[in-house]
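A short write-up of the structure that comes next.
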Amino acid sequence: MNKQNPYFQNKRHILQKTTAITSNQLHFRSPWMVAWWSLAFPGFGHFIVNSYLWGFILMSFEYMFNTMSKINLSIFFSMLGDFEQAKQVINVQWFFLYIVVYVFSVWDSYRRTIDNNKVYQLAYKEVENIAPTQFSVFEINVLEKKKPWIAMVWSFLLPSLGYIYLQRICTFLFNIVWWIVILYFSRFPEGLYLTMIGNFEEVKKLLDPQWILYIPSIYAFTLYNTYAFSVENNKLFDMSQSRYLKNEYQSNQLCHFYQK
């Protein structure tokens, strides 16, 4: 508990912790939605509940272990109906290790969501003020209204750019590094260029299915997550404004009247 900050004095629970480069917030979420995103990609569910460290670790696990076990490549052959080839490309040793952590990721994100929802209910009633601004020598982070569609547009043009608009610099750095790695190994930019000039046969030879199948999940999640965080950020801003005005300008007599 930060006793130097008046916003957090004598509070057992807080809704938000902000630094100059990022912020972490509690919001009420559906455990099933979080579990679904973990099913889509280990680590995504942890990102939604703001467990960033575990999200980074589990996403890195997905990239490495999925690549070693050739799961995406097996999925690719299965979609083509070549089930024998799908069975042959799987690396069984890595596959069984992958499955255990995959199931744990879904369960843990579901559990964390339920626990966080309980804490949110307590913090929502307890918190009176929310710190609106944080400064450092490098950056300023201000709690302000964000436009969800702007976050989505930038995330569509380049996944991770929306996180800069939302002032989540650590999340941006992690995701942009992996995005560059995926583009490099999948050869997606070259494939996009060849598609634009109509050279489809060369595209099929060029693209690596193991890496290209990461892209749909990342795109879909980044669009969803930046939009959802913008909405949640705006709710927190409204709450901050409402409680500040109530505490500073609403008379005690009026408060007493409403409490009755």
Side-chain angles (χ1 to χ4, degrees), residues 1-31 33-34 37 46-52 55 112-156 160-172 221-260:
M1 186 71 66
N2 185 357
K3 295 185 178 180
Q4 302 302 318
N5 192 327
Y7 290 108
F8 301 143
Q9 283 185 359
N10 303 319
K11 302 299 180 184
R12 294 187 62 197
H13 306 95
I14 60 174
L15 286 174
Q16 176 206 41
K17 179 64 177 178
T18 302
T19 67
I21 61 174
T22 192
S23 63
N24 208 342
Q25 303 171 3
L26 272 176
H27 292 280
F28 198 90
R29 295 180 173 86
S30 167
M33 175 63 74
V34 173
W37 278 112
H46 288 75
F47 264 101
I48 294 175
V49 297
N50 294 346
S51 294
Y52 298 119
R112 286 173 185 264
T113 307
I114 293 176
D115 292 342
N116 286 353
N117 287 347
K118 294 176 182 177
V119 176
Y120 173 81
Q121 291 175 314
L122 296 172
Y124 180 83
K125 296 180 179 180
E126 186 175 344
V127 171
E128 295 182 357
N129 289 319
I130 298 170
T133 308
Q134 294 291 335
F135 287 84
S136 78
V137 295
F138 300 106
E139 188 57 278
I140 302 172
N141 193 352
V142 180
L143 178 63
E144 59 185 354
K145 284 277 191 177
K146 301 291 185 181
K147 296 181 178 179
W149 68 268
I150 292 181
M152 289 188 68
V153 166
W154 284 115
S155 295
F156 177 79
S160 298
L161 280 184
Y163 291 122
I164 297 180
Y165 173 65
L166 298 172
Q167 199 72 16
R168 308 185 85 171
I169 308 304
C170 297
T171 307
F172 162 77
F221 176 74
T222 305
L223 291 172
Y224 167 81
N225 195 38
T226 52
Y227 179 88
F229 185 81
S230 300
V231 173
E232 292 167 351
N233 175 84
N234 292 345
K235 290 179 181 178
L236 194 66
F237 174 83
D238 291 339
M239 185 190 304
S240 173
Q241 291 289 89
S242 174
R243 296 192 176 188
Y244 174 77
L245 293 173
K246 177 181 176 181
N247 292 336
E248 295 297 323
Y249 297 102
Q250 186 168 289
S251 67
N252 292 331
Q253 292 83 359
L254 192 58
C255 290
H256 183 68
F257 173 79
Y258 282 122
Q259 286 175 357
K260 289 183 178 179

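This chain uses plain numbering: 1 for the first residue, then up along the sequence.
Counting heavy atoms from C-beta on, the side chains of Ile169 and Tyr163 never come closer than 4.5 Å. At least one side-chain heavy atom of Val34 sits less than 4.5 Å from a side-chain heavy atom of Ile48. Thr226 is not listed as a side-chain neighbour of Tyr165, based on a closest heavy-atom distance of 4.5 Å or more. For the pair Leu143/Ser23, no side-chain contact is recorded, criterion being any heavy-atom separation below 4.5 Å from C-beta on. Considering only heavy atoms from C-beta on, Asp238 comes within 4.5 Å of Lys145 through its side chain.
In terms of modelled atom types and a separation under 3.5 Å, the side chain of Lys146 and the main chain of Leu166 share no donor-acceptor contact. Put simply, the side chain of Asn50 gets close to the backbone of Gln25: a donor and an acceptor are under 3.5 Å apart. Side chain of Asn233 to main chain of Glu144: a donor-acceptor pair is present (N/O by atom type, distance under 3.5 Å, no hydrogens or angles).
Looking at every heavy atom in both residues, His27 comes nearest to Asn117 through O-OD1, 3.7 Å. Of all heavy-atom pairs spanning Ser230 and Pro148, the tightest one is CB-CA, 3.7 Å.
Pairs engaging residues 18-29 under the salt bridge (Lys or Arg N to Asp or Glu O under 4.0 Å) rule: Arg29-Glu232 [sequence neighbours left out]. For residues 222-243, the pairs satisfying ring pair (Phe, Tyr, Trp, His ring centres under 6.0 Å) are Trp37-Tyr224, with sequence neighbours left out.
Under the 3.5 Å distance criterion, with hydrogens and angles disregarded, no donor-acceptor pair is assigned to the side chains of Ser155 and Thr222.
The CG atom of Leu26 sits 10.0 Å away from atom CG of Leu236, with the distance rounded to the nearest 0.5 Å.
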